[in-house]
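To start, the structure under review is shown below, and the notes come after it.
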Amino acid sequence: ALKACAQDPLLVQTVRSEIEERIDGDKSKLPQAYRESEVLEKIWVEALRLASPAPSVTRGSTIDIRKYAIAEEIVGENPKSFNIDRFSKPLPKSKIMLPWAPLGNGHHACPGWKNTQAFVKAFVGRIVFENDLREHTLPKSWIEKALQVTSPSWLSLTPRKI
């Protein structure tokens, strides 16, 4: 989600505009604005689709969710691109996500997903709203990236006045 924001200044401006409108100059409203943000909700859904923390599920046999998350016949055009408006309109019945997919409406839904979602939205919202983002070149290997304990080298944050 942060990488998508760092790559797209228009997306950052959209987040900032929505948050500024919601807080109307009152910084004490920031936590609620992050929770209620429709733009951050869309960013969360699209980031989870493209980078599911559980790339496969077992329901009798192992199902690789990733192939459905990028299947054009399910998610529409340019399935590997980050597009927060991908699910703005209801999908035709032939393209409804499978019930066990991330954010699917199956009966195996995680009871803690609302809290996780609120945390991620607040985290991304705060970083995007309160800092200027700049993307750098990604590390050459995912291992280098995974071993970093500080902020990722592909992102720099500069606090901005709000």
Side-chain angles (χ1 to χ4, degrees), residues 1-24 26-59 63-71 74-76 78-93 95-133 135 142 145-146 148-152 154-155 157 159-160 162:
L2 288 175
K3 183 175 182 230
C5 290
Q7 291 175 333
D8 188 348
L10 182 59
L11 182 57
V12 169
Q13 188 53 47
T14 303
V15 170
R16 288 180 180 163
S17 295
E18 183 194 29
I19 299 300
E20 286 169 356
E21 185 178 311
R22 287 181 182 277
I23 67 170
D24 194 28
D26 183 357
K27 291 181 187 178
S28 69
K29 294 180 181 178
L30 278 170
Q32 181 178 353
Y34 297 143
R35 275 193 309 275
E36 296 174 355
S37 169
E38 293 173 17
V39 177
L40 290 172
E41 172 88 14
K42 291 177 179 182
I43 291 171
W44 157 260
V45 169
E46 189 66 353
L48 191 57
R49 180 185 73 82
L50 287 170
S52 175
S56 64
V57 294
T58 303
R59 300 284 186 262
I63 302 166
D64 186 353
I65 293 175
R66 293 171 295 196
K67 71 180 181 182
Y68 296 102
I70 59 167
I74 294 175
V75 297
N78 301 316
K80 292 182 182 177
S81 67
F82 193 91
N83 176 4
I84 66 166
D85 294 318
R86 183 176 306 281
F87 300 112
S88 292
K89 300 178 206 163
L91 293 172
K93 286 194 181 223
K95 291 189 178 185
I96 291 176
M97 287 294 276
L98 302 170
W100 35 260
L103 300 176
N105 289 324
H107 65 279
H108 296 288
C110 173
W113 79 271
K114 287 253 187 218
N115 290 331
T116 302
Q117 180 183 37
F119 173 78
V120 171
K121 285 171 63 176
F123 177 79
V124 172
R126 185 169 184 189
I127 288 176
V128 171
F129 185 71
E130 297 179 15
N131 296 277
D132 286 322
L133 306 176
E135 184 190 19
W142 67 271
K145 184 179 168 191
Q148 293 172 351
V149 289
T150 58
S151 65
W154 54 266
L155 181 68
L157 303 174
R160 67 184 195 102
I162 53 171

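We use all heavy atoms of the structure for the numbers below, so side chains are in, but hydrogens, waters and symmetry mates are not.
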Is the backbone of N78 close enough, under 3.5 Å, to the side chain of R86 for a donor and an acceptor to pair up by distance? yes
Which heavy atom of C5 sits nearest to which heavy atom of V12, and what is that distance? O-CG2, 3.1 Å
Check: F82 main-chain N/O paired with E46 side-chain donor or acceptor under 3.5 Å: no
Distance, nearest 0.5 Å, that separates CD of E18 from CD1 of I23: 11.5 Å
Between D8 and A4 (side chain of the first, backbone of the second, donor and acceptor by atom type, cut-off under 3.5 Å), is there such a pair? no
CG of L2 to CD of Q7, rounded to nearest 0.5 Å, is 11.0 Å
Please give me the minimum heavy-atom distance between Y34 and L40, naming the atom from each residue. O-CD1, 3.9 Å
Search all heavy atoms of P79 against all heavy atoms of L50 and return the closest pair with its distance. O-CD2, 3.7 Å
Is a donor on one side and an acceptor on the other found under 3.5 Å between the side chain of R22 and the backbone of E36? yes
Between K42 and D85, does any side-chain N to carboxylate O distance fall below 4.0 Å? yes
Taking atom CH2 of W44 and atom CG of L48, what is their separation to the nearest 0.5 Å? 5.0 Å
Hey, which of R35, E41, R126 is the one that makes side-chain contact (heavy atoms from CB on, under 4.5 Å) with K121? E41
Distance-only side-chain donor-acceptor flag, S17 / Q13, under 3.5 Å: yes
Using only heavy-atom distances, determine whether the side chains of D26 and S28 contain a donor-acceptor pair under 3.5 Å. yes
Closest non-hydrogen atom pair, A1 against I43: CB-CG2, 3.6 Å
Let me see the working for S37 and I19 under side chain to side chain contact (heavy atoms under 4.5 Å, CB included), right down to the final yes or no. CA-CA 7 Å; S37 169; I19 299 300; 4.1 Å; yes
Distance check, rounded to the nearest 0.5 Å: K29 atom NZ versus E20 atom CD? 14.0 Å
